[in-house]
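Encoded as structure tokens, the structure appears first; notes follow it.
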Number of protein chains: 2
Amino acid sequence: MSDLFPKKGHNHDRCVNTALAQAEKVCADANARFTDMRRKVFTLIWQSHKAVTAYELLDALTAEGMRVQPPTVYRALEFLSDLGLVHRIESLNAYFGCDQPDCDHLGQYFICTQCGRVAEAVNEDMSKAVHKAAGKVGFTIQATSVEIKGQCHDCATH
Amino acid sequence: MSDLFPKKGHNHDRCVNTALAQAEKVCADANARFTDMRRKVFTLIWQSHKAVTAYELLDALTAEGMRVQPPTVYRALEFLSDLGLVHRIESLNAYFGCDQPDCDHLGQYFICTQCGRVAEAVNEDMSKAVHKAAGKVGFTIQATSVEIKGQCHDCATH
DNA sequence: TGTTGAAATGTTATAATATATCATTTTCTG
DNA sequence: CAGAAAATGATATATTATAACATTTCAACA
């Protein structure tokens, strides 16, 4: 069985550093400014592989002594979402960090309801099936969201 | 091209009556009470093929002179959702009536961003692809939501 | 290098969505 | 009919999100 969710005890600093490096590059390529606030929010999101809500981020920022209001957080989230650096999980009203921001294939999000972690996977077969179904009924796709809730392998076996 | 969204000018009373008959049956089979309030909310949802929010329903009930509070609407929605009579569109915080409540295959929702209508379709290929991907990574699926936004054929061609 | 205009953030207020809790009413069952 | 269970009413509040305007930052360029 292939891995999808990171192993317990993995080197998470590496995840964060990779994500930051990718984000730098994506922003540079897009001529977009990766400001302190945006970097801060991005880093907070990457503190775990779980999806976090805007108000959890707000609380985290406040806990660090920053006087931040909701719009600030939502703006950072919008910026990061627009560049594909984070994704919103509609069914959770929460956000998590994308580990393959360059990839624009139709993805799916696996959400573990037990540990809260989210993993993203590209699924060509699913993508094809969705586009085929859309084609059949003359539907022009603008955006697709596939959210799969259940138990990750770690949680199911421990 | 097959139809998915109902034609303009279709006999909508027929949609409503069919849906009501199906709902009666589903409730009876589940030994669940299709009370006046639940029927009212269900009927309101079926006033169109669009997804409607809880507060739009609340406003509609109020407009008819009923003194209804949010919990009443949310309770009716929960009841109807649990029985599969309506579905929640996570990305819209809105609900629409299911026209095939008996079917428990993994479905997908096409959401027209122009006319607001929602159509549900069963997609075996997509379902297989999702389950296959889950199996590969040892993920146990509890629930799946596939929301596809774009333009329906009517809106794209008129 | 100082000016300026656009972008980003700060600030205040409020809108929109959702649920917890307890009281009352209705319905079912014995 | 009594009592229990289910449904709804009512009140309050939690959670999520955005509108609108003020201020600050920063990069481009005269």
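What's counted below: heavy atoms across the whole structure, side chains too, no hydrogens, waters or symmetry copies. Letters go in sequence order (proteins before strands), and every chain restarts at 1.
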Treat primed atoms plus P, OP1 and OP2 as sugar-phosphate and everything else as base, then score nucleotides 7-14 of chain D 5' to 3': B for base contact with protein heavy atoms under 4.0 Å, S for sugar-phosphate contact only, - for none.
-> SBBBB---
Residues two or more places apart in sequence or in another chain: which of them pass salt bridge (Lys or Arg N to Asp or Glu O under 4.0 Å) with Asp13(A)?
->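 Here no residue qualifies.
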Polar side-chain atom of [X] near backbone of [Y] as donor-acceptor pair, under 3.5 Å:
X: Ser81(A); Y: His87(A); result: no
X: Thr62(A); Y: Leu58(A); result: yes
X: Glu147(B); Y: Glu90(B); result: yes
X: Arg117(B); Y: Pro6(B); result: yes
X: Ser127(A); Y: Asn123(A); result: no

Using chain B heavy atoms and a threshold of under 4.0 Å, write down where along DNA chain C the contacts begin and end, 5' to 3'.
->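 Nucleotide range with atoms under 4.0 Å of chain B: dT17(C) to dT27(C).
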Step by step, would you call Val122(B) with Gln100(B) a side-chain contact (heavy atoms from CB on, under 4.5 Å)?
-> CA-CA 10 Å; Val122(B) 168; Gln100(B) 42 199 322; 4.0 Å; yes
Verify the neighbour count for atom CG of Asn11(B): are there more than 12 heavy atoms of other residues, nucleotides or ligands below 6.0 Å?
->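 Check passes, neighbour count above 12.
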Does NZ belonging to Lys7(B) count more than 12 external heavy atoms closer than 6.0 Å?
->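 Atom NZ in Lys7(B) is not packed in, count stays at 12 or less.
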Using the C1' atoms of the five pairs at each end, what is the angle between the end axes of the helix from dT1(C)-dA30(D) to dG30(C)-dC1(D), to 10°?
->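 That helix gives 30° between its end axes.
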Could you tell me the separation between the CG atom of Leu57(A) and the P atom of dT16(D), rounded to a whole number of Å?
->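 Atom CG in Leu57(A) sits about 11 Å away from atom P in dT16(D).
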Could you state the interatomic distance from CG (Leu83(B)) to CZ (Phe42(B)), rounded to the nearest 0.5 Å?
->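 If I round to the nearest 0.5 Å, the distance is 10.5 Å.
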What is the ring orientation for Tyr109(A) with Phe96(A), classed by angle as parallel under 30°, tilted 30 to 60°, or perpendicular over 60°?
->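 Aromatic pair Tyr109(A)/Phe96(A) classed perpendicular.
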In terms of ring plane angle, is the pair His12(B) and His49(B) parallel, tilted or perpendicular, where the classes change at 30° and 60°?
->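 It falls in the perpendicular class, over 60°.
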Inter- and intrachain pairs under ring pair (Phe, Tyr, Trp, His ring centres under 6.0 Å), touching residues 135-158 of chain A, at least two apart =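 Only Phe139(A)-Phe110(B) qualify under ring pair (Phe, Tyr, Trp, His ring centres under 6.0 Å).
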What parts of residues 80-96 of chain A reach DNA chain C, counting only heavy atoms under 4.0 Å away?
->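 Contacting residues: none.
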Check whether any side-chain nitrogen or oxygen of Tyr74(A) sits under 4.0 Å from OP1 or OP2 of dT18(D), and answer yes or no.
->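 Looking at the OP1 and OP2 atoms of dT18(D), neither is under 4.0 Å from any side-chain N or O of Tyr74(A).
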